[in-house]
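Here's the structure we're looking at; comments come further down.
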Amino acid sequence: MVRTRFAPSPTGYLHIGGVRTALFNWLFARQHGGQFILRIDDTDQQRNVTEALQPILDGFRWLGIDWDEGPDVGGPHAPYFQSQRADRHRAAVEQLLRRGLAYRDYARPEEIQAERAAAESEKRPFTYSRRWMAQTAAEAAQWENAGRQAVVRLKMPRCGTCRIRDLVRDDVEFQWDQEQDHVIQRADGSCLYHLASVVDDFDLGITHVIRAVEHLSNTPRQIFIAEGLGYTLPAYAHLPYVAEPGSSNKLSKRKLDKYLKHPDFKQLYEHGLRIAQLVGHGTTAETFNPVIVDFYQTVGYLPAALLNYLLLLGWSLDDKTEQFTRDEMIRSFSLERVNKAPASFDPAKLWAFQQRDMVALPTAAKLPLFLPYVQRAGWAAGWETAAVARTVGQIAQAAGDRIKTAGDILDYGEFFCADNELSYDAKAFEKRLRPPEAAARLQQARAALTSAEPFDAAGTEAALRRFLEETGLQMGDIVHALRVAVTGKAVGLGIFDTLAILGRECVTRRIDRSLQMR
RNA sequence: GGCCCCAUCGUCUAGCGGUCUAGGACACCGGCCUUUCACGCCGGCAACACGGGUUCGAGUCCCGUUGGGGUCACCA
């Protein structure tokens with residue numbers, strides 16, 4: 001039985017790179033009919049774990065990455081919080097101590113630091129002298145009488161080779177003598193990450209450890225711990241990290257300002273920002289950041305599009321397949337085809353995937369996605385529920401592929417605002433309504449439209465075309481002025497769809513108003 | 001700095017010794033369509049980091065150089 005895991009720290013946000021790692025773990029488990037486990041690597045010091053965990057769980061749920069065991073769903077290996085497994089960790093430390101694979105160390109931090117500094121100044125690799133090591137009770141008592149406190153360190157081998165079989169990178173070798181005697185337990189008895197992680201992975205029956213490559217150099221010490229404890233080793237797969245747009249540095253949530261200098265990233269961000277502001281979502285870098293999954297949920301991306309994009313960030317099936325349904329992903333995924341080199345996050349490509357999926361969605365499926373945005377923006381206030389739904393449906397239909405994310409429905413405020421509150425784009429007004437001939441033409445077009453029957457897209461078009469034929473004008477001579485008059489904007493939906501959605505009374509009122517404002 | 005990893009168009013990638021005058025996708029640049037915008041369609045630009053080997057033959061194998069990255073915590 002394949003069992004994989006993703007083990008986030010409750011940081012309050014879900015990093016896009018973390019999602020990719022989780023996705024690969026999830027796909028691998030699902031493909032093999034195995035299980036995907038969510039374990040929370042919290043520590044005792046952390047406060048508000050529940051609160052900081054929520055965005056992470058929400059993110060996974062939104063994406064449809066489900067876990068078989070973990071927070072909220074429980075499971076036979078509970079608890080799934082690292083902080084609650086401390087007794088297991090301590091027992092493991094005791095065992096390593098008994099087997100002579102770890103020792104109590106009474107060095108003071110500054111003493112270790114001094115050794116390290118000395119090694120550095122002599123330009124030789126640092127190896128701890130083990131001067132304050134205590135392997136017997138007598139030695140320990142001696143140091144303790146001197147007022148010292150012990151941590152537990154791994155007693156690492158000082159010769160030989162550690163060979164790691166990696167499912168992504170084949171064999172990788174490390175020399176044991178390069179490894180430090182890492183601390184695995186603090187003086188207060190709390191255990192450190194590497195020890196805890198290895199013990200938990202074993203206890204949870206993890207068969208495949210699939211994680212980011214930054215853990216590759218940590219693997220020897222984990223193997224040492226696992227073997228010391230008599231565990232059978234899991235298979236390892238180290239994924240490349242997700243890099244910044246246009247660079248090979250690791251993508252980081254803290255560098256938003258820097259990324260905003262990248263044109264595509266900036267565009268992605270600013271598009272989202274407009275929507276977030278309209279719905280009153282917070283927009284600090286902490287919560288609103290394209291490096292964090294929450295961003296895409298807020299702006300109204302489709303989970304399938306994000307997942308599909310992330311899948312192809314470091315993995316490919318062949319030389320042409322780009323589109324995957326969830327089932328196809330599960331069927332096609334393989335660790336062997338994961339790339340070794342880091343992959344840059346490309347906002348433009350993500351955007352293309354999103355657009356492709358949104359276009360493919362039937363209007364009926366878009367409606368429930370769009371409606372909440374109109375409601376949150378407060379535009380539905382005073383409207384009957386059915387009327388809002390009808391209007392949003394009409395806009396969705398008429399807008400077609402102009403709406404790329406669900407939040408883009410908020411580009412069409414002109415259909416929800418009162419006639420006397422419609423604002424006009426200043427440039428468009430000057431260009432289309434100010435010219436002397438505009439008023440007369442608009443006046444005539446108004447007359448032609450008033451008699452349109454029925455007042456739908458086809459009816460208004462027929463009426464307007466009759467009018468053009470009579471006057472010898474071209475379509476271009478009137479539609480621009482008409483659009484500005486009824487929407488206040490230079491760009492928008494097809495003009496006849498626009499007229500139909502607004503309705504006869506609204507259209508005539510708005511034309512009259514625009515003429516008055518000249 | 002030590003150790004480890006990585007290296008094909010701007011970006012994501014295909015390529016596992018000959019089928020590569022290197023394929024696809026996104027972006028970009030032209031053009032067509034068109035009532036604006038968007039979509040769509042057609043076309044174009046664009047890469048094997050460098051140097052040595054091995055081989056009849058190298059993007060593909062080996063070594064080195066360069067470059068990039070990761071990691072060296074009583075963080076996770």
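Chain letters run A, B, ... following the sequence lines, proteins first and then strands; every chain starts at 1.
- The shortest distance between the side-chain N/O atoms of Arg116(A) and the OP1/OP2 oxygens of A73(B) is below 4.0 Å.
- In the set C26(B), A76(B), C5(B), A76(B) carries the atom at the smallest distance from any side-chain atom of Leu192(A).
- Separation of the C1' atoms belonging to G23(B) and G59(B) is 13 Å when rounded to the nearest angstrom.
- Contacts of Lys123(A) with the nucleic acid, taken as non-hydrogen atoms under 4.0 Å apart, are absent.
- Contacts of Ala107(A) with the nucleic acid, taken as non-hydrogen atoms under 4.0 Å apart, include base atoms.
- Residue-level contact check: Arg432(A) touches neither bases nor backbone, having no heavy atom under 4.0 Å from any strand.
- Aromatic rings of Trp315(A) and Phe24(A) (six-membered ring for Trp) have centroids beyond the 6.0 Å cut-off, not under it.
- Minimum atom distance to the side chain of Ala343(A) is reached by C12(B), of the listed C74(B), C12(B), U71(B).
- Atom CG of Asp181(A) and atom P of C72(B) are 16 Å apart (whole Å).
- Nucleic acid contact for Pro109(A): base, since at least one base atom lies under 4.0 Å from a heavy atom of the residue.
- Contact check, Ser316(A) against A14(B): a side-chain N or O comes under 4.0 Å of OP1 or OP2.
- Between Met358(A) atom CE and C39(B) atom C1' there is a gap of 15 Å when expressed in whole angstrom units.
- Of the residues Arg356(A), Gln323(A), Glu328(A), the one that meets the side-chain hydrogen bond (donor to acceptor under 3.5 Å, both in side chains) test with Asn308(A) is Arg356(A).
- Proximity of Arg337(A) to the phosphate of G15(B): a side-chain N or O atom is located under 4.0 Å from OP1 or OP2.
- The P atoms of C48(B) and C42(B) are separated by 28 Å, rounded to the nearest whole Å.
- Taking atom C1' on both C45(B) and G10(B), the two are 12 Å apart, rounded to the nearest angstrom.
- Asp105(A) and Tyr128(A) share a side-chain donor-acceptor pair at under 3.5 Å.
- Contacts of Asp41(A) with the nucleic acid, taken as non-hydrogen atoms under 4.0 Å apart, involve only primed sugar atoms and P, OP1 or OP2.
- Picking from C72(B), U36(B), C75(B) the nucleotide with the shortest atom distance to the side chain of Gln180(A) gives C72(B).
- Under the Watson-Crick and G-U wobble criteria, each requiring two contacts below 3.5 Å, nucleotide A38(B) is left unpaired.
- Inspection of the Gln82(A) and Asp200(A) side chains reveals an N or O donor paired with an N or O acceptor under 3.5 Å.
- Residue Asn249(A) has no polar side-chain atom (N or O) positioned under 4.0 Å from OP1 or OP2 of G70(B).
- Using Watson-Crick or G-U wobble geometry with both donor-acceptor distances under 3.5 Å, A49(B) finds its partner in U65(B).
- Closest to the side chain of Ser9(A), from the set A76(B), C4(B), G23(B), is A76(B).
- Nucleotides A14(B) and C6(B) are separated by 15 Å at their P atoms, to the nearest Å.
- For the pair Ile164(A) CD1 and C3(B) C1', the computed distance is 12 Å after rounding to whole Å.
- Residue Gln178(A) has its side chain nearest to C3(B) when only A25(B), C3(B), A76(B) are considered.
- With a cut-off of 3.5 Å on both Watson-Crick or G-U wobble distances, the partner of G1(B) is given as C72(B).
- Within 4.0 Å of Tyr193(A), counting heavy atoms only, lies at least one base atom of the nucleic acid.
- Residue contacts shown for Gly492(A) include a base, since a base heavy atom lies under 4.0 Å away.
- Closest to the side chain of Lys340(A), from the set C12(B), A76(B), C6(B), is C6(B).
- The base of A25(B) is not paired with the side chain of Lys320(A) by any donor and acceptor separated by under 3.5 Å.
- The ring of Phe60(A) has its center closer than 6.0 angstrom to the ring center of Phe6(A).
- Within the 4.0 angstrom heavy-atom criterion, no nucleotide atom of any strand lies near His238(A).
- Taking only side-chain atoms of Val172(A), from C-beta outward, the nucleotide of C4(B), G70(B), C26(B) with the closest atom is C4(B).
- When heavy atoms are screened at a 4.0 angstrom cut-off, Tyr309(A) is found touching no nucleic acid atom at all.
- Residue Ser217(A) places none of its side-chain N or O atoms closer than 4.0 Å to OP1 or OP2 of C72(B).
- Here Leu493(A) lies in heavy-atom contact (under 4.0 Å) with a base.
- Using atom P as the reference point in both C26(B) and G67(B), the two lie 35 Å apart (nearest Å).
- Using a 4.0 Å heavy-atom cutoff across all strands shown, Glu322(A) reaches at least one base atom of the nucleic acid.
- Separating the CD atom of Gln222(A) from the C1' atom of U71(B) is a distance of 13 Å, rounded to the nearest angstrom.
- Among the atoms of the strands shown, only primed sugar atoms or phosphate atoms (P, OP1, OP2) are found under 4.0 Å from some heavy atom of Gly314(A).
- Salt-bridge formation is detected for the pair Arg148(A)/Glu111(A): a Lys NZ or Arg NE/NH1/NH2 atom is positioned less than 4.0 Å from an Asp or Glu carboxylate oxygen.
- Residue side chain Arg402(A) reaches the base of C37(B) through a donor-acceptor N/O pair under 3.5 Å, judged by distance alone.
- Of the side-chain N and O atoms in Arg124(A), none sit less than 4.0 angstrom from OP1 or OP2 of C3(B).
- For Lys349(A) and Glu322(A), the salt-bridge test passes: some basic side-chain N is under 4.0 Å from an acidic carboxylate O.
- The shortest side-chain heavy-atom distance between Ser316(A) and Arg337(A) falls under the 4.5 Å cut-off.
- Residue His182(A) contributes atom NE2, which lies 12 Å from atom C1' of C3(B) at whole-angstrom precision.
- Using a 4.0 Å heavy-atom criterion, one finds that Gln474(A) contacts no nucleic acid atom at all.
- Rounded to whole Å, the distance from CG on Leu53(A) to P on A76(B) is 17 Å.
- A donor and an acceptor atom sit less than 3.5 Å apart, one in the side chain of His194(A) and one in the base of A76(B).
- Nucleotides C63(B) and C12(B) are separated by 30 Å at their C1' atoms, to the nearest Å.
- You'll find that the side chain of Asn339(A) is closest to U13(B), out of A76(B), U13(B), C5(B).
- There is no side-chain donor-acceptor pair under 3.5 Å between Thr405(A) and Gln354(A).
- Pairing of U21(B), defined by two Watson-Crick or G-U wobble distances under 3.5 Å, is not identified with any nucleotide.
- G44(B) and C28(B) make up a base pair, with Watson-Crick or G-U wobble contacts both under 3.5 Å.
- Closest to the side chain of Asp319(A), out of G23(B), C74(B), C5(B), is G23(B).
- A donor-acceptor contact shorter than 3.5 Å is absent between the side chain of Asp425(A) and the backbone of Lys489(A).
- Across C50(B) and C33(B), the matching C1' atoms stand 48 Å from one another, rounded to whole Å.
- For Val491(A), the side-chain atoms get nearest to C37(B) when compared with the rest of C37(B), U35(B), C4(B).
- Atom-to-atom, CG of Asp346(A) to P of C9(B) comes out at 14 Å; the value is rounded to the nearest Å.
- Among the atoms of the strands shown, only primed sugar atoms or phosphate atoms (P, OP1, OP2) are found under 4.0 Å from some heavy atom of Gln355(A).
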